[in-house]
Q: 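Got a structure for you, questions after.
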Amino acid sequence: MMARAMALSAGLALAGAAFAQGDDVLSAEASDPVTMGWMQGFPPPDDKVIRCTDDDYFAFPKLRWTVCHFRELMPTVAVDNGSVSERDIPVDLDPSIDGVTFTPLGGTGTMTWDEAFDANYTDGILVLHHGRIVHERYAGCLDPTTLHGAMSMTKSLTGLLAEILIADGVLDETALMADIVPELKDSAFADATVRQVMNMTTALDYSEDYSDPDAEVWTYAEAGSPLPKPEGYDGPRSYFEYLQTVENDGIHGNAFAYKTVNADALGWIVARIADQSVADLLSERIWTPIGAEREAYYTVDSIGTPFAGGGFNATLRDMARLGQLMLTEGRWGEQQIVPPAAIRRIAGGGDPKVFAKAGYDTLDGWSYGSMWWISNDDHGAYAARGVHGQTLWIDPAADMVIVRFASNPVAANTANDPTSLPAYRAVADHLMANDPTPLLGAEWRVEDIAGRGVIDSSHVSLEFLADGRLAGSATCNRMIGNYETDDGTITIAVPGATMMACPEALMNQERLFLDLLPTVQGYEIDDTGALILTTEDGSTITARR
């Protein structure tokens with residue numbers, strides 16, 4: 001029973017099972033872990049103690065304390081943030097965000113952003129706009145320095161690491177799983193491709209129905225539990241061992257089916273290709289380069305394997321840094337940390353028709369790919385999502401990131417989607433409509449230069465930085481310069497560029513672009529979101545995010 005109690009926390013992180021709550025469920029205020037007195041005192045009173053061996057240590061309302069304290073309850077492995085000091089995130093708070101209104105899905109009345117905080121049992125939420133913190137709020141067990149369980153947002157980190165390896169050319173997405181990990185040769189994963197695992201279109205005889213005591217999820221959770229096994233137990237004792245036992249149920253590639261074992265199978269692939277654990281690879285490729293404020297960690301099984309499907313824990317601000325990295329297509333300052341192709345593949349998502357077969361009513365038109373949830377809306381928004389309300393929301397059109405940690409009584413995101421998805425969009429629209437610096441943010445990709453278009457497959461871009469610098473690609477060469485704006489007017493200093501030669505047609509396009517920039521006098525962003533720069537002789541440069 002104790003092992004199953006610990007397994008339950010892993011299980012909840014695994015999927016989106018909805019545990020029904022009665023009408024008398026405590027409010028966010030009443031269930032606040034400080035208000036309830038969990039684990040306060042040295043020692044705490046007996047009736048306020050939470051142990052990992054308690055059957056209900058991850059059940060509401062105790063879970064509102066537990067989500068911030070996994071490290072005290074079970075073994076973990078660190079994700080090092082390096083020895084370099086953290087890189088500060090600029091703060092420019094916008095109090096008006098609390099008053100932003102939206103209509104919940106299926107509702108008739110309105111709700112404010114402020115009201116949604118407690119409605120969703122939020123522990124902390126942060127909004128980045130143009131790389132600046134414009135909203136930040138904490139409650140419950142969370143503060144700016146506390147690490148919180150990311151739950152199944154962990155899967156998206158595993159997917160990102162896989163996409164990095166694919167972009168690096170060391171992982172073949174078309175390869176069969178057993179060709180990379182021969183230990184899987186007798187499992188259902190054997191003849192699945194890496195991409196099918198990444199998109200969760202594998203056909204597995206595996207149930208994550210928590211109401212069924214015989215569901216495979218319980219065997220999986222038992223295998224991943226670091227606690228001693230009960231007498232007579234002869235099942236798998238690690239994630240690696242369990243994955244080798246998964247059986248087939250159909251044809252891979254036909255339909256999306258959200259099953260956490262895919263994430264741990266992918267974690268095995270990533271570790272085998274990189275020859276290091278997902279924790280070490282994440283530290284090396286992302287956590288250290290972005291200057292994370294704090295070391296993060298994964299929960300692990302009995303042999304120290306990081307739980308690649310749901311065991312990651314981090315601070316709210318460091319998750320926001322990750323979101324900003326996604327928003328800028330892998331760039332952090334002047335450094336390209338993640339190959340742009342990896343981010344673009346994630347943002348492109350999977351096949352909506354394949355996803356639709358899973359029947360997610362609140363996610364109509366969405367898709368799933370690389371272990372990220374893709375909205376396919378007109379903002380190109382996509383997300384990492386985890387049970388009990390964990391979300392990392394990326395909105396490229398609004399140049400906005402939202403990260404939320406929560407401890408909703410109901411595990412499935414269907415409980416908070418109606419008061420979350422429209423809220424995210426409402427804040428994005430609010431920020432765009434009231435943006436005093438609309439040039440800032442994601443790179444503008446030039447699509448026309450003085451009526452001549454842009455040569456196919458060439459890359460011409462502009463990026464306006466908050467400190468007055470201008471960066472981008474002139475076609476063949478990177479460029480950098482300076483700019484000043486004032487009420488619809490803009491002045492661009494003669495930019496500098498690297499000196500790489502390329503075919504004549506491309507060089508001619510580059511010369512034209514660089515010659516026009518210092519003559520630009522005005523700008524506007526039209527109703528379609530296009531940036532139009534106008535020169536002193538009436539020529540235009542058109543770009544779009």
Side-chain angles (χ1 to χ4, degrees), residues 1-17 74-75 152 154-155 158 162 175-273 277-278 298-311 371:
M1 197 67 178
M2 290 187 211
R4 178 159 287 201
M6 176 167 275
L8 180 60
S9 69
L12 283 172
L14 298 179
M74 59 185 68
S152 288
T154 309
K155 295 178 176 64
T158 307
L176 298 181
M177 295 287 286
D179 289 343
I180 301 173
V181 179
E183 294 94 327
L184 292 172
K185 64 182 176 61
D186 295 325
S187 76
F189 292 108
D191 59 348
T193 67
V194 171
R195 177 57 60 185
Q196 287 168 341
V197 170
M198 292 175 71
N199 291 0
M200 292 210 192
T201 58
T202 49
L204 310 178
D205 185 10
Y206 174 90
S207 169
E208 290 188 5
D209 180 1
Y210 294 91
S211 64
D212 179 2
D214 297 321
E216 287 77 10
V217 65
W218 292 115
T219 308
Y220 179 46
E222 182 73 56
S225 171
L227 290 178
K229 304 304 184 219
E231 185 177 352
Y233 179 83
D234 61 358
R237 295 174 178 267
S238 69
Y239 295 127
F240 291 154
E241 288 186 9
Y242 180 81
L243 293 171
Q244 297 173 62
T245 71
V246 178
E247 298 183 356
N248 185 274
D249 183 26
I251 300 173
H252 299 310
N254 281 353
F256 168 73
Y258 187 85
K259 298 180 179 181
T260 295
V261 286
N262 285 294
D264 282 298
L266 184 63
W268 196 350
I269 290 290
V270 167
R272 183 62 58 86
I273 291 293
S277 73
V278 292
Y298 285 87
T299 59
V300 299
D301 66 10
S302 62
I303 63 169
T305 307
F307 180 20
M371 304 212 164

Q: Could you tell me whether the side chain of T202 and the main chain of L204 form a donor-acceptor pair under 3.5 Å?
A: no
Q: Can you check whether Y220 and Y242 have ring centres sitting under 6.0 Å from each other?
A: yes
Q: Can you tell me how far the CG atom of N199 sits from the CG atom of L266, to the nearest 0.5 Å?
A: 10.0 Å
Q: From T305 OG1 over to Y239 OH, what is the distance, rounded to the nearest 0.5 angstrom?
A: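 Between T305 OG1 and Y239 OH, I get 8.5 Å after rounding to 0.5 Å.
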Q: Could you tell me whether the side chain of K259 and the main chain of Y206 form a donor-acceptor pair under 3.5 Å?
A: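 Present.
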Q: Looking at residues at least two apart in the chain, or sitting in another chain, which of them share a side-chain hydrogen bond (donor to acceptor under 3.5 Å, both in side chains) with E183?
A: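 Partners of E183 under the side-chain hydrogen bond (donor to acceptor under 3.5 Å, both in side chains) test: R272.
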Q: Please confirm whether the backbone N or O of V197 pairs with a side-chain atom of T201, one donor and one acceptor, at under 3.5 Å?
A: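 Checking the backbone N and O of V197 against the side chain of T201, no donor-acceptor pair under 3.5 Å is found.
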Q: Please examine the side chains of V278 and Y298, heavy atoms only from C-beta on, and report whether any two atoms are closer than 4.5 Å.
A: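 A side-chain contact under 4.5 Å exists here.
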Q: Taking all non-hydrogen atoms of both residues into account, name the closest pair between L184 and W268 and its distance.
A: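 Closest approach of L184 to W268, heavy atoms only: CD2-CZ3, 3.7 Å.
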Q: Got a donor-acceptor contact below 3.5 angstrom from the E241 side chain to the R237 backbone?
A: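 Yes, because the side chain of E241 sits within donor-acceptor range (under 3.5 Å) of the backbone of R237.
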Q: I need the minimum non-hydrogen distance between M177 and I269, along with the two atoms involved.
A: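 So the two residues come closest at CE-CG1, 3.4 Å.
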Q: Should we say atom CD1 of I303 is surrounded by more than 12 heavy atoms from elsewhere, each under 6.0 Å from it?
A: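 Result for CD1/I303: enclosed.
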Q: Do any N or O atoms from the side chain of H252 and from the backbone of A188 form a donor-acceptor pair under 3.5 angstrom?
A: yes
Q: Of the non-hydrogen atoms in P226 and D301, which two are nearest, and what is the gap between them?
A: CB-C, 4.2 Å
Q: Ignoring hydrogens and angles, tell me if any N or O in the side chain of K229 forms a donor-acceptor pair with the backbone of D234 under 3.5 Å.
A: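 Such a contact is absent between K229 side chain and D234 backbone.
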Q: Donor-acceptor pair, distance only, cut-off 3.5 Å: does the side chain of K155 make one with the backbone of G309?
A: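 Checked: pair present.
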Q: Would you check if there is a donor-acceptor pair between the side chains of S152 and Y258 at a distance under 3.5 Å?
A: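 Yes, because at least one side-chain N or O of Y258 sits under 3.5 Å from a partner of the opposite role on S152.
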Q: Using every non-hydrogen atom in the two residues, find where G267 and A308 come nearest and quote the distance to one decimal.
A: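 Scanning both residues completely, I find the closest heavy atoms to be CA-CB, 4.0 Å.
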Q: Just how far is it from atom OG1 of T245 to atom CG of D186, taken to the nearest 0.5 Å?
A: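 One finds 11.0 Å between OG1 of T245 and CG of D186.
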Q: Is it the case that the side chain of D214 and the backbone of E216 share a donor-acceptor pair, with hydrogens and angles ignored and the cut-off at 3.5 Å?
A: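 No, the answer is negative, given that no donor and acceptor are paired below the 3.5 Å cut-off.
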Q: Would you name the heavy atoms of S277 and A271 that are closest together and state the gap between them?
A: CA-CB, 4.3 Å
Q: Provide the closest heavy-atom pair for A175 versus I180 in the form atom of the first, atom of the second, distance.
A: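 Between these two residues, the closest heavy atoms are CB-CD1, 4.0 Å.
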Q: Under the salt bridge (Lys or Arg N to Asp or Glu O under 4.0 Å) rule, what pairs show up with a residue in residues 194-205, not counting sequence neighbours?
A: E163-R195, E173-R195
